[in-house]
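Single-structure report; data block below.
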There are 4 protein chains.
Amino acid sequence: MTEARATAKVTKLNRVERNAWTKQKIFEAATKVVGKYGYAEASVARITEQAGVAQGTFYNHFENRQELLDQLLPKIGIDMVHFIRARTGTAHAARQEIERFSAFFDFIREVPEFLRILNEAEFFAPSGYQKHLDNISTAYVRILRRARLAGAIEDFSDEEFEAIVHMLMGARGYLSRRYSYSADGVTAVPDHVISAYRKLMTRGLFNASGEKTTP
Amino acid sequence: MTEARATAKVTKLNRVERNAWTKQKIFEAATKVVGKYGYAEASVARITEQAGVAQGTFYNHFENRQELLDQLLPKIGIDMVHFIRARTGTAHAARQEIERFSAFFDFIREVPEFLRILNEAEFFAPSGYQKHLDNISTAYVRILRRARLAGAIEDFSDEEFEAIVHMLMGARGYLSRRYSYSADGVTAVPDHVISAYRKLMTRGLFNASGEKTTP
Amino acid sequence: MTEARATAKVTKLNRVERNAWTKQKIFEAATKVVGKYGYAEASVARITEQAGVAQGTFYNHFENRQELLDQLLPKIGIDMVHFIRARTGTAHAARQEIERFSAFFDFIREVPEFLRILNEAEFFAPSGYQKHLDNISTAYVRILRRARLAGAIEDFSDEEFEAIVHMLMGARGYLSRRYSYSADGVTAVPDHVISAYRKLMTRGLFNASGEKTTP
Amino acid sequence: MTEARATAKVTKLNRVERNAWTKQKIFEAATKVVGKYGYAEASVARITEQAGVAQGTFYNHFENRQELLDQLLPKIGIDMVHFIRARTGTAHAARQEIERFSAFFDFIREVPEFLRILNEAEFFAPSGYQKHLDNISTAYVRILRRARLAGAIEDFSDEEFEAIVHMLMGARGYLSRRYSYSADGVTAVPDHVISAYRKLMTRGLFNASGEKTTP
DNA sequence: AATGAATGAGACTTCATTCAT
DNA sequence: GATGAATGAAGTCTCATTCAT
């Protein structure tokens with residue numbers, strides 16, 4: 001009898017759990033489908049088929065197709081922030097920035113769907129995109145401010161930080177599209193791209209002296 | 001008599017001219033429609049209605065909808081290159097770069113549709129986008145090389161130039177989306193954005209000596 | 001109570017039954033439309049209107065228009081085989097052949113749409129036509145072989161049987177078009193057509209001895 | 001000057017000649033197009049392109065598309081009659097019939113477009129088809145009557161002749177479709193088809209004695 | 001008589017969403 | 001909550017025909 005109950009834990013979920021589980025299945029299916037075919041091809045039929053549920057089920061969990069699409073990027077974006085944070089050491093601010101830059105591309109290789117979801121979201125899921133942007137730029141500006149406090153950056157105002165952060169995000173997007181896409185799968189970014197980025201940042205944003213004085 | 005004939009040119013076109021004129025009307029209509037509603041909403045019906053021709057007429061001038069969409073960006077992109085070139089002086093390379101940066105945003109104000117056409121093209125008109133990208137990056141790399149020859153840039157390889165150019169294009173795109181969009185119409189880019197860009201460039205890419213006034 | 005339930009079966013169908021019923025409605029509508037207007041004029045719009053369902057419903061049951069058209073003839077063809085078999089007695093082989101010939105024309109009168117569906121299928125639903133042809137000729141050759149075994153036919157090889165069967169089918173098609181069509185509806189075949197066929201068959205294919213009354 | 005006029009004969013036709021020549025070009029183009037792609041794919045655009053004239057030109061020579069299509073088969077049908085007549089000897093009537101049967105298939109190989117034009121005409125150019133049918137069956141019945149007069153056929157009425165002719169035409173059509181079509185081009189009919197036909201005819205239609213008495 | 005761009009009706013098909021079971 | 005058939009608006013594209021040049 002106890003064994004039966006143990007089995008039940010896996011196969012027989014209660015109502016709330018079943019509900020969450022179904023929604024999660026749809027989320028994962030959408031990630032796969034959008035990652036592989038793009039938003040434009042991510043029809044409700046395709047997503048529900050991938051999720052193994054009926055089309056009607058979709059509308060028990062989401063108001064409409066757009067609502068799901070808008071939740072997709074912010075959800076994965078938070079995963080990305082955690083991933084990058086875990087990969088960032090305690091070195092000098094300029095070096096940390098390079099680490100973040102590299103970690104971004106590592107994450108893309110880890111979650112290959114992310115690239116397409118990120119890039120297309122701006123036009124197919126604008127409100128989801130905006131939410132993601134806010135998430136990221138807020139965190140990023142905070143980092144730059146801290147670096148300024150630590151003396152690693154001088155002569156940039158808060159407003160300029162915001163602009164810089166958008167430039168950095170834009171640069172990453174462009175580079176990822178230019179260098180990371182490939183026939184099947186995502187490849188590493190060439191070294192010269194990273195070196196170009198390092199030069200631009202260490203000279204343009206951070207105090208050049210920063211690098212030399214790192215213990 | 002010659003003047004009368006000149007007038008006639010406008011009102012009474014021959015077959016070839018009428019043909020070109022119709023195609024041009026469709027182009028202009030598409031620019032407006034895509035600029036206002038985006039590629040996704042740019043149906044042939046909408047475009048032809050805007051152009052004042054029948055839907056069937058569309059297919060006398062373009063193989064299919066996508067063919068027009070793919071021609072849109074490269075066509076306007078060339079206009080942009082001319083516009084920016086005309087606004088670029090003969091000053092030091094670093095200053096020229098700032099001029100180009102500013103001129104880009106001026107062009108956006110001049111041709112408000114361009115922004116959306118450019119930004120969405122990557123996903124709705126990929127082959128047209130690629131063509132545009134090639135047009136621009138080729139020209140841009142040439143400019144950077146010339147600056148290097150003139151001693152205004154040091155320590156960057158050709159490969160790095162290509163990466164830099166993609167970063168610059170990406171940065172502009174992001175910034176334009178962040179700062180230039182608005183409810184109705186396109187607004188000027190704030191000064192602090194330009195100043196942030198200038199700092200990044202003059203310090204990160206160009207020789208500091210270029211800026212004579214830097215202490 | 002049981003009777004009430006039986007009635008309920010008709011009025012209140014379950015999901016599977018409703019589904020089959022809808023598909024059947026579309027089939028019947030297509031039969032009518034193709035029979036009346038021909039394949040070329042059998043648009044999905046016309047068929048669904050006749051069936052009393054929305055156009056979109058069509059594509060829940062058939063991959064595309066052609067799939068339905070290709071299924072039409074084989075489906076009715078099987079009905080025809082049953083019809084003819086039921087009308088064929090146990091008389092001498094030659095007489096049976098005449099019975100089949102007559103029964104064919106009877107079936108045409110029973111299902112007036114069949115004629116047009118059969119005749120046009122070759123060009124508008126080739127794969128459906130081929131399937132029907134295989135169904136029929138296989139059965140027909142088997143009949144001739146049996147007659148040969150019984151001594152009613154001599155001096156024909158299997159290959160020749162196949163050719164003969166095609167001739168017989170062709171002859172029926174031509175005759176049906178020539179004699180059975182009419183402004184509205186299908187009429188009986190004149191006696192002289194049947195007598196001509198009988199002579200050709202009893203003398204050309206079957207042993208004369210079969211006809212006992214021949215002097 | 002005389003030489004110039006000679007050239008003119010070829011290049012410069014008078015109005016009537018040019019007119020006829022253009023119409024002829026359209027006819028030939030239509031034959032090729034229908035023969036290759038079938039009536040359904042024989043759009044005015046395709047035909048005029050094949051003919052090397054503008055679409056508008058078409059309507060200077062034919063009321064509409066259907067008019068041309070309806071003229072196609074009768075025109076070639078007459079060629080066929082001449083061809084078969086030239087191949088028919090003066091032997092016994094039964095042997096002549098076999099010669100006609102063979103000549104029909106020879107003609108198909110000579111004019112490969114004919115097969116498709118003939119077969120599809122019934123449904124895509126019904127009035128043209130009817131005209132062709134009348135042409136052929138009239139001539140054919142006349143032949144059978146003459147054979148009856150000569151004693152080669154007995155016991156068939158005029159009405160039965162008409163039915164027989166339709167059977168023969170139907171048989172030929174079926175056989176041609178079954179045996180003569182092939183991936184690219186038209187192939188010869190197998191011997192067993194001809195032998196089956198001969199048996200059916202010499203026994204079923206003609207006096208068997210006819211063959212034996214041939215010198 | 002020749003041209004070929006313009007027309008617009010109509011065909012097939014897709015797909016987000018609804019709703020009865 | 002899950003199901004999946006039904007819906008119908010909307011989209012792309014074809015093509016016979018017209019007509020001004």
Side-chain angles (χ1 to χ4, degrees), chain A residues 15-16 18-23 40-49 52-66 68, chain B residues 12-23 40-48 52-66, chain C residues 12-23 40-48 52-66, chain D residues 15-16 18-23 40-49 52-66 68:
Chain A
R15 216 176 293 179
V16 175
R18 257 192 80 83
N19 197 357
W21 169 238
T22 301
K23 187 164 185 173
E41 309 283 311
S43 63
V44 173
R46 218 173 206 168
I47 292 169
T48 52
E49 189 195 27
V53 300
Q55 274 196 67
T57 304
F58 184 95
Y59 291 89
N60 290 331
H61 297 276
F62 300 94
E63 196 64 36
N64 52 39
R65 176 177 174 266
Q66 197 58 47
L68 164 62
Chain B
K12 290 257 180 180
L13 305 168
N14 65 29
R15 246 217 288 258
V16 174
E17 287 166 337
R18 260 189 77 85
N19 196 12
W21 169 238
T22 302
K23 187 165 186 173
E41 308 286 314
S43 66
V44 173
R46 227 176 201 165
I47 292 169
T48 51
V53 300
Q55 277 199 57
T57 302
F58 183 94
Y59 293 91
N60 288 334
H61 296 275
F62 300 94
E63 198 67 36
N64 50 41
R65 176 179 173 265
Q66 197 59 46
Chain C
K12 290 260 180 178
L13 305 169
N14 65 29
R15 231 187 334 232
V16 174
E17 287 166 337
R18 261 190 76 85
N19 195 15
W21 169 239
T22 302
K23 187 165 185 172
E41 308 286 311
S43 65
V44 173
R46 228 176 201 165
I47 293 170
T48 51
V53 300
Q55 276 200 56
T57 301
F58 184 94
Y59 293 91
N60 289 333
H61 297 273
F62 300 95
E63 198 67 37
N64 51 41
R65 176 179 174 267
Q66 197 59 45
Chain D
R15 217 176 291 179
V16 175
R18 255 191 82 82
N19 199 358
W21 168 240
T22 301
K23 188 164 185 173
E41 310 283 313
S43 64
V44 174
R46 220 174 204 168
I47 292 170
T48 51
E49 190 194 26
V53 301
Q55 274 196 68
T57 303
F58 184 94
Y59 291 88
N60 290 331
H61 297 275
F62 300 94
E63 196 64 36
N64 52 38
R65 174 177 175 267
Q66 198 59 45
L68 164 62

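Below, chain A is the first sequence line, B the second, and so on; all start at residue 1. Bear in mind the structure is a predicted one, so any value in this text is a computation, not a measurement.
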(message) If you assign C:Asn60 and B:Thr57 each to the DNA chain F nucleotide with the nearest heavy atom, which residue ends up on the more 5' nucleotide?
(response) C:Asn60
(message) Distance check needed: F:dT12 C1' versus B:Arg46 CZ, whole Å only.
(response) 16 Å
(message) Please compare C:Val44 and C:Arg18 by the position of their nearest nucleotide in DNA chain E and report the one closer to 5'.
(response) C:Val44
(message) Pairing check on F:dA20: which nucleotide meets the Watson-Crick or G-U wobble criteria with it, both distances under 3.5 Å?
(response) E:dT3
(request) Provide, to the nearest angstrom, the distance between the CD atom belonging to A:Glu41 and the P atom belonging to E:dC15. (result) 7 Å
(request) To the nearest Å, give me how far apart CZ (C:Phe62) and C1' (E:dT14) are. (result) 18 Å
(request) Identify the nucleotide, in any strand shown, that forms a Watson-Crick or G-U wobble pair with F:dT12, with both distances under 3.5 Å; if there is none, say none. (result) E:dA11
(request) Measure from the side-chain N and O atoms of B:Arg65 to the backbone N and O of B:Ser43, and report whether any donor-acceptor pair falls under 3.5 Å. (result) no
(request) State which of F:dA16, F:dA6, E:dT13 makes the closest approach to the side chain of C:Tyr59. (result) E:dT13
(message) Let's test your reading of the model: under 3.5 Å, does the base of F:dT3 pair with the side chain of C:Arg15 as donor and acceptor?
(response) yes
(request) Please determine, for the side chain of C:His61, which listed nucleotide (F:dA2, F:dA5, F:dT3) has the closest atom? (result) F:dA5
(request) Go through F:dA5, E:dG8, F:dG11 for me and flag the one nearest to the C:Asn19 side chain. (result) F:dA5
(request) Calculate the interatomic distance between B:Asn14 atom CG and E:dG4 atom P; express it in whole Å. (result) 13 Å
(request) Calculate, to the nearest 0.5 Å, the distance between atoms NE2 and OG1 belonging to C:His61 and C:Thr48 respectively. (result) 11.5 Å
(request) Using a 4.5 Å cut-off on heavy atoms from C-beta on, say whether the side chain of D:Ile47 contacts that of D:Leu68. (result) yes
(request) May I have the distance from B:Asn64 (atom CG) to E:dC12 (atom P), rounded to whole angstrom? (result) 21 Å
(request) Grab the CZ-C1' distance between B:Phe58 and E:dT7 for me, whole Å please. (result) 16 Å
(message) Assuming nearest nucleotide by heavy-atom distance, tell me which of B:Arg65 and A:Val53 is located more 5' along DNA chain F.
(response) A:Val53
(message) Looking at C:Phe58, I'd like to know if the NZ or CZ of C:Lys23 sits under 6.0 Å from its six-membered ring centre while staying within 45 degrees of the ring's axis.
(response) no
(message) Measure CD/A:Gln55 against P/E:dC15 and give the value in whole Å, please.
(response) 10 Å
(request) Establish, with yes or no, whether the OP1 or OP2 oxygen of E:dA5 is under 4.0 angstrom from a side-chain nitrogen or oxygen of B:Thr22. (result) no
(message) Output the rounded distance in Å from CD1 (B:Ile47) to C1' (F:dT12).
(response) 12 Å
(message) Using a 3.5 Å distance criterion without hydrogens, assess whether the side chain of C:Thr22 forms a donor-acceptor pair with backbone atoms of C:Arg18.
(response) yes
